[in-house]
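Index from 1, following the sequence. Everything numeric here is computed off the predicted structure, so don't read it as measured data.
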Amino acid sequence: MKADAVFEGGGVKGIALAGAVTALEEAGYQWNHLAGTSAGAIAAALLAAGYTGKELSEILMKVNYVKLLKGCNGDMFLITMIAKLLMYKGIYSTNNIETWIGKLLKAKGKEKFKDIIEKGESKLKIIATDVTNRRMLILPDDLALFGIDPLEFSIAKAVSMSIAIPFFFTPAKIIKNNQVNLMVDGGLVSNFPVWIFDVQGKPRWPTFGFRLWENSKSRHAMGKKDIISYALDVMGAMLDKNEEIYLKDKDQVRTMNIPTLGIGTLQFDISKEQTRKLYESGYITAKKFLQQWDFEDYIKRYRR
């Protein structure tokens with residue numbers, strides 16, 4: 001059975017997406033088109049390159065998020081962070097994450113968008129935010145706006161744009177006509193573009209949405225009232241905003257809302273036990289979803 005998939009962003013909580021994907025693959029689903037924002041972009045990119053849900057799970061179970069970050073420590077930590085914000089517009093570089101994703105894609109021989117073309121179109125769509133021009137970018141398609149050949153563009157680079165949480169990561173740059181255009185996390189404009197593969201009339205196969213349902217406390221609510229905690233809360237609020245109220249019924253019924261067990265988007269020191277529980281949350285949620293999902297009923301109610 002074919003299906004399209006759209007993955008919401010959610011930082012370290014992305015392992016829950018892998019659990020849900022594994023459950024659907026066990027039920028016989030195969031992915032046609034894939035899209036994602038931020039952490040969802042990582043999942044979408046690796047699946048588009050040919051990784052299975054189980055392989056994706058193994059990768060995300062093993063990754064050490066702290067080591068992927070380029071940071072600093074010691075007595076000058078706060079001063080250094082402020083200096084980086086002023087100089088680079090972000091505390092951490094996405095270079096390590098881009099390199100990590102790049103190696104995984106290279107192992108499957110799928111490094112550029114031209115490597116995942118089907119019927120003349122990329123099967124992968126990644127959402128980023130062009131803050132310079134205040135617009136959403138759907139990659140690779142919108143790269144043509146900058147005079148860049150979309151099919152020759154690096155998938156890992158596109159993912160690094162989508163995960164660049166404002167102020168936490170340094171923004172990516174695209175230069176056109178001597179103007180530097182800054183690209184950051186796609187969640188700033190659309191954290192859950194479940195509509196992206198919709199067609200007029202009756203679809204031939206379903207599009208499933210994978211959402212990460214957040215219910216964690218802010219750092220301020222936990223008594224942390226320093227400026228860094230405040231900044232992290234602001235970033236978390238931008239990325240963890242509850243968009244459920246904006247989803248139409250036709251989108252709700254095809255979406256899996258995966259509980260993320262109070263784990264925050266920027267909780268990079270997540271434990272192995274928390275990682276396992278997130279995976280199980282995704283797997284169980286998808287199993288329950290499939291018990292009530294009926295594609296023909298969906299078409300009858302919403303697409304005719």
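- Heavy atoms only, all atoms of each residue included: L105 and A49 are closest at CD2-CB, 3.6 Å.
- For K250, the salt bridge (charged side-chain N to carboxylate O under 4.0 Å, His left out) partners at least two apart in sequence or on another chain are D198.
- By the side-chain hydrogen bond (donor to acceptor under 3.5 Å, both in side chains) test, W205 pairs with D4, sequence neighbours left out.
- Checking Q252 against T255 by side-chain atom types alone, no donor-acceptor pair falls below 3.5 Å.
- Scored by the salt bridge (charged side-chain N to carboxylate O under 4.0 Å, His left out) test, K103 finds no partners at all (sequence neighbours excluded).
- A distance-only check finds no donor-acceptor pair linking the side chain of S38 to the backbone of G40 [under 3.5 Å].
- For residues 3-60, the set of pairs meeting the ring pair (Phe, Tyr, Trp, His ring centres under 6.0 Å) definition, not counting sequence neighbours, comprises F7-F210, Y29-F208, H33-F197.
- Residues passing the side-chain contact (heavy atoms from CB on, under 4.5 Å) test with N64 are V66, K67, sequence neighbours excluded.
- With sequence neighbours excluded, no residue satisfies salt bridge (charged side-chain N to carboxylate O under 4.0 Å, His left out) with K173.
- Residue pairs meeting the salt bridge (charged side-chain N to carboxylate O under 4.0 Å, His left out) criterion with at least one member in residues 22-48, sequence neighbours excluded: E26-K287.
- In this structure K277 satisfies the side-chain contact (heavy atoms from CB on, under 4.5 Å) test together with L261, E273, sequence neighbours excluded.
- K123 is linked by a salt bridge (charged side-chain N to carboxylate O under 4.0 Å, His left out) to E118, counting only residues two or more places apart in sequence or in another chain.
- Using a distance-only test at 3.5 Å, with no hydrogens or angles considered, a donor-acceptor pair links the side chain of S281 to the main chain of P259.
- In this structure, the side-chain contact (heavy atoms from CB on, under 4.5 Å) partners of V131, at least two apart in sequence or on a different chain, are T129, L182, V184, L188.
- The side-chain contact (heavy atoms from CB on, under 4.5 Å) check on N178 picks up nothing, with sequence neighbours excluded.
- The two atoms that bring F113 and S122 nearest to each other are CD2-OG, 3.5 Å, heavy atoms only.
- Residue pairs that meet the side-chain hydrogen bond (donor to acceptor under 3.5 Å, both in side chains) test with at least one member in residues 139-167, sequence neighbours left out, are E98-K157, E98-S160, K112-E152, K114-E152, K125-D141.
- In the model, Q179 has a side-chain atom that pairs as donor or acceptor with a side-chain atom of N181 under 3.5 Å.
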